[in-house]
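Order of the sequence lines sets the chain letters (A, B, ...), proteins ahead of strands, with each chain counted from 1.
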Amino acid sequence: MTSPSATSRLAFGDAGDAPSRAFSFPHRHLLGIEGLSPDDISGLLDVSDSYVELNRRPDKKLSLLRGRTQINLFFENSTRTRTSFELAGKRLSADVINMTVGSSSIKKGETLIDTAMTLNAMHPDVLVVRHAESGAVALLSQKVTCAVINAGDGSHEHPTQALLDALTIRRRKGKLAGLTVAICGDILHSRVARSNIQLLNTMGARVRVIAPPTLLPVAVDRLGVEVHHDMREALKDCDIVMMLRLQTERMHGSFVPSVREYFRFYGLDEEKLAVAKPDALIMHPGPMNRGVEIDTELADDINRSVIREQVEMGVAVRMACLEVLTKSSASEGQTS
Amino acid sequence: MSDGRKTAYVNARIVDPATGFDGKGELLTAADQILDMGAKLFDGAIPDDTDVIDCGGNCLAPGLIDMRVFVGEPGQEHKDTFASASQAAAAGGITTIVTMPDTEPVVDDIALVQYVARRARETASVNVLPMGAATKGMKGAEMTEIGMMMETGAVGFTDGRRAIANPRVMMRLLSYATSFDALVMQKPEEPSLAEDGCMNRGEIATRLGLVGIPTIAETIMIERDVRLVEATGGRCHMSQISCRDSLEAIRRAKELGLKITCGASPENFGLNETAIDNYRTFFKTSPPLRSEDDRQAIVEGIADGTIDVIVSNHDPQDQESKRLPFAQAAYGAAGLETLLPIALEMYHNERLPLINLLAKLTSEPARLLKLDSGRLAPGAPANLILFDPDRPWKIEAEKLHSKSKNSPFDARPVQGRVMRTIVRGETVFTDSN
């Protein structure tokens, strides 16, 4: 987990070559970080590292997934994640289809399972699924014969986001173990927080969560985190400050009195950040609400904010996930 | 009617919670009534004109009375009908089902009470007693014609799956109901605190990213209604309680001598929230499965008498209603056939004697509903079950008689099997195994 292993630092030869690797991912789907071992995670990050290098070259195309079909099935609107998965698939030469299924067409009668079975009949190799309900992607995965990647399910998990965050941290800090990571904001509604807590704990980082009590899920301390309500206390000596978006679209009723009160106490600004380590990194899964959870100048501070780097790492991580999942389904055959 | 065909039940262990009788005995019925019951009724000499049923030493008890049953009829007949639900009930040893008004249309006036009674007479093999809606359309605003529905046969008033949330409406209802001594059954769950929730609020909901229903949503409604009962003198039954705090609220109300009673269902004493792991929607019930501590509290409440009755909370759901993401899936579990064996687990675990357990399924619901059944007294209807409390078997959802197979107890090994169910003197179920 310290530095990428030699095998993953494979230099890509001529475009189109498939890299050979020692790592094999022992799961059929990627439904969450929960259930992954430290080796699974470091293996994925090592593979991702090699794609970061590839993505910086003028010719970014590999033929690894030529002939394979990837369907991005989004039941919830997304531009960033969907584009990232689409680029990842295309850079590996997969045939990529995007399907955005509005919640209205679901209400017309076709159920999630009907949709899954219909798509499955078209023999895709990998389904990338986002859904507004927790557990929906796992349910769908039980009904299909291809690999499924969870691109976010309700308030449950968003594993590729946690992996890209981990890759960003590991490349900057050289490690994950022993770091102190503060996750701030709307923990209650956040799948990013749940996946990050799982991943960082698995890899030996210390995790703090900071939010007003109304935005913290009950028993969150049972997930192995320190719980704080005061930013100045919580950010003290942190290596990483991860800000979360206030997910007003998931909020029914008032969880905080106003945006300006929220920013006053939980928004990240210079003053609050001052207690963190001088080289602390600022992260945000996007899209940002500038002036709500993060001061606009901090967000753009190229010395401390790695927000744009996270987006770059996203493509690499998703390429890695596509690679390892299609490889395992090829080697094991299509089992149900 | 008592001069009809006579039947003698001999060689039985008779368990009659109403009189506290538990021992070897014999019982005589004539047509649809019980004539007599005693340790040595016939003294070896059974009259010639009498059919004899040898009980083989098994338990003979009053048929079970289930105070909370959702039937799909009218409106959702694909989930269950009076015919299919009563077959399931008979197989589970239940001779009387009390049906909830949550149908399409809602049972909120005398014509619908009569409709249920007529459909049940024509198609059901067990006794069907309807509860009427407490408010028109179960909308929680205007009272229904409680007095007239009672005259027509409604045995209680409830808004079924919905709480009567408005305190003013509940206060008037309890107050008005006193003139008929009508039973108001509350579904104790404060809607504003339970909103959007789909399972118990706690660590597991947090891990699964699901919105939780806190136990306080239940307890706060009970504590409010305790006050309203105190103020009005009404008679209020909490359909089911699911947690320790609610149990304590009920206990305190009973110590004050208030007319508050409550029930519990097998989900809440036979399962806890860990069963939901991996979003298994068959475990989505209302009230939700709670923590292990809460489950134990429900068992304690049943053992110490704080909980008056045990109900199946039978709520059939088809596959389509359950094969959905957890938050979108329907609440409910098919429960008629599994009620007795799951309840018997508490007897086998030595939490309470068999006769006390059976009281919560027979004489206690009869007392709350003012029925003449639920006991083995002369003149009572011949609603009986013969069962072996020890016989081991495994629940298989596919073999359930209900049209819906959504049992959370599928594949569970249990003890206690109904061998024969008798409704008004007629055998409506015999175990074929």
Inset, instruction - Measure distances from A:Gln198 to the heavy atoms of chain B and classify the residue's part below 4.5 Å as side chain, backbone, both or neither. - result: side chain

Inset, instruction - Provide the closest heavy-atom pair for B:Thr206 versus A:Arg194 in the form atom of the first, atom of the second, distance. - result: O-NE, 2.6 Å

Inset, instruction - Look at atom CE of B:Met138 and say whether more than 12 heavy atoms of other residues, nucleotides or ligands are closer to it than 6.0 Å. - result: yes

Legend entry - Any B:Tyr279 side-chain heavy atom under 4.5 Å of A:Ser134 side chain: yes

Legend entry - Atom pair CD1 (A:Ile113) and CD (B:Glu320), whose distance is rounded to the nearest 0.5 Å: 8.5 Å

Legend entry - A:Gln142 and B:Arg323, any side-chain heavy atoms less than 4.5 Å apart: no

Inset, instruction - Report the distance from atom CG of B:Leu208 to atom OG of A:Ser155, rounding to the nearest 0.5 Å. - result: 11.0 Å

Inset, instruction - For B:Asn166, look at atom CG and say whether over 12 heavy atoms of other residues, nucleotides or ligands are found less than 6.0 Å away. - result: yes

Legend entry - Residue B:Leu271 excluded, over 12 heavy atoms near CG under 6.0 Å: yes

Inset, instruction - Could you tell me which residues in residues 222-230 of chain A have at least one non-hydrogen atom under 4.5 Å from a non-hydrogen atom of chain B, sorted by residue number? - result: A:Arg222, A:Leu223

Legend entry - Partner chain B: residue of A:Ala219, A:Ala138, A:Ala136, A:Gly135 with the largest heavy-atom pair count (under 4.5 Å): A:Gly135

Legend entry - Best-contacting candidate, A:Glu157, A:Glu34, A:His156, against chain B by heavy atom pairs under 4.5 angstrom: A:His156

Inset, instruction - Please examine the side chains of B:Pro325 and A:Leu139, heavy atoms only from C-beta on, and report whether any two atoms are closer than 4.5 Å. - result: yes

